[in-house]
Chemist: 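Dropping a structure here in structure tokens format, bear with me for questions.
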Amino acid sequence: MTHEPAFPVVKTYSNFANGRIYCEILSPGMTLRDWFAGQVLIGYVMADPLRNNPDKIAAYAYQNADAMLREREK
């Protein structure tokens with residue numbers, strides 16, 4: 001799932017009258033795809049910090065993130 005949230009901000013509260021617990025998403029956070037791409041980016045830049053083509057690096061990071069999501073679905 002490409003748009004699954006990685007770090008949602010959730011407010012949880014209890015309704016003592018009916019004994020239920022409710023969750024409200026205050027912010028969906030970043031997507032899991034963005035999180036994976038960021039992790040790839042860190043490794044890529046750390047391996048060779050002198051790379052200077054941000055467009056290629058970003059495309060590479062998202063290609064890897066997409067591969068990770070496909071693998072995760074298996």
Chemist: Testing the basics here: between Arg20 and Asn18, what is the closest heavy-atom pair and its distance to 0.1 Å?
Modeler: N-OD1, 2.9 Å
Chemist: Fit a plane to each ring of Tyr22 and Tyr13, take the angle between them on a 0 to 90° scale, and name the class: parallel (under 30°), tilted (30 to 60°) or perpendicular (over 60°).
Modeler: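 The arrangement is parallel - the two ring planes meet at less than 30°.
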Chemist: List the steps, then state whether side chain to side chain contact (heavy atoms under 4.5 Å, CB included) holds for Leu32 with Met68.
Modeler: CA-CA 10 Å; Leu32 191 55; Met68 292 168 72; over 6 Å; no
Chemist: Is there a side-chain contact between Arg33 and Asp66 (heavy atoms, below 4.5 Å)?
Modeler: yes
Chemist: How long is the straight-line distance from CG of Asp34 back to CZ of Phe7, given to the nearest 0.5 Å?
Modeler: 11.0 Å
Chemist: Using atom types as modelled and distance alone, determine if a side-chain donor or acceptor of Asn64 lies under 3.5 Å from a backbone N or O of Tyr60.
Modeler: yes
Chemist: When you group the ILVMFWY residues by side-chain heavy-atom contacts below 4.5 Å and let the links chain together, are Trp35 and Val9 in the same group?
Modeler: no
Chemist: Identify whether the distance between the nearest side-chain nitrogen and carboxylate oxygen of Glu73 and Arg70 falls below 4.0 Å.
Modeler: no
Chemist: So, for Ala65 and Ala37, which heavy atoms are closest and what is the spacing to 0.1 Å?
Modeler: CB-N, 3.5 Å
Chemist: For Gln39 and Ile42, run side chain to side chain contact (heavy atoms under 4.5 Å, CB included): C-alpha distance rounded to whole Å, both residues' side-chain angles, the deciding distance at 0.1 Å, then the answer.
Modeler: CA-CA 5 Å; Gln39 297 306 298; Ile42 291 168; 4.1 Å; yes
Chemist: State, with a plain yes or no, whether a side-chain heavy atom of Thr12 is found less than 4.5 Å away from one of Ile21.
Modeler: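 Yes, close enough: below the 4.5 Å cut-off.
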Chemist: Step by step, would you call Ile57 with Leu41 a side chain to side chain contact (heavy atoms under 4.5 Å, CB included)?
Modeler: CA-CA 7 Å; Ile57 293 170; Leu41 181 64; 3.1 Å; yes
Chemist: Could you work out, with ring pair (Phe, Tyr, Trp, His ring centres under 6.0 Å) as the rule, every residue matching Tyr62, not counting sequence neighbours?
Modeler: none
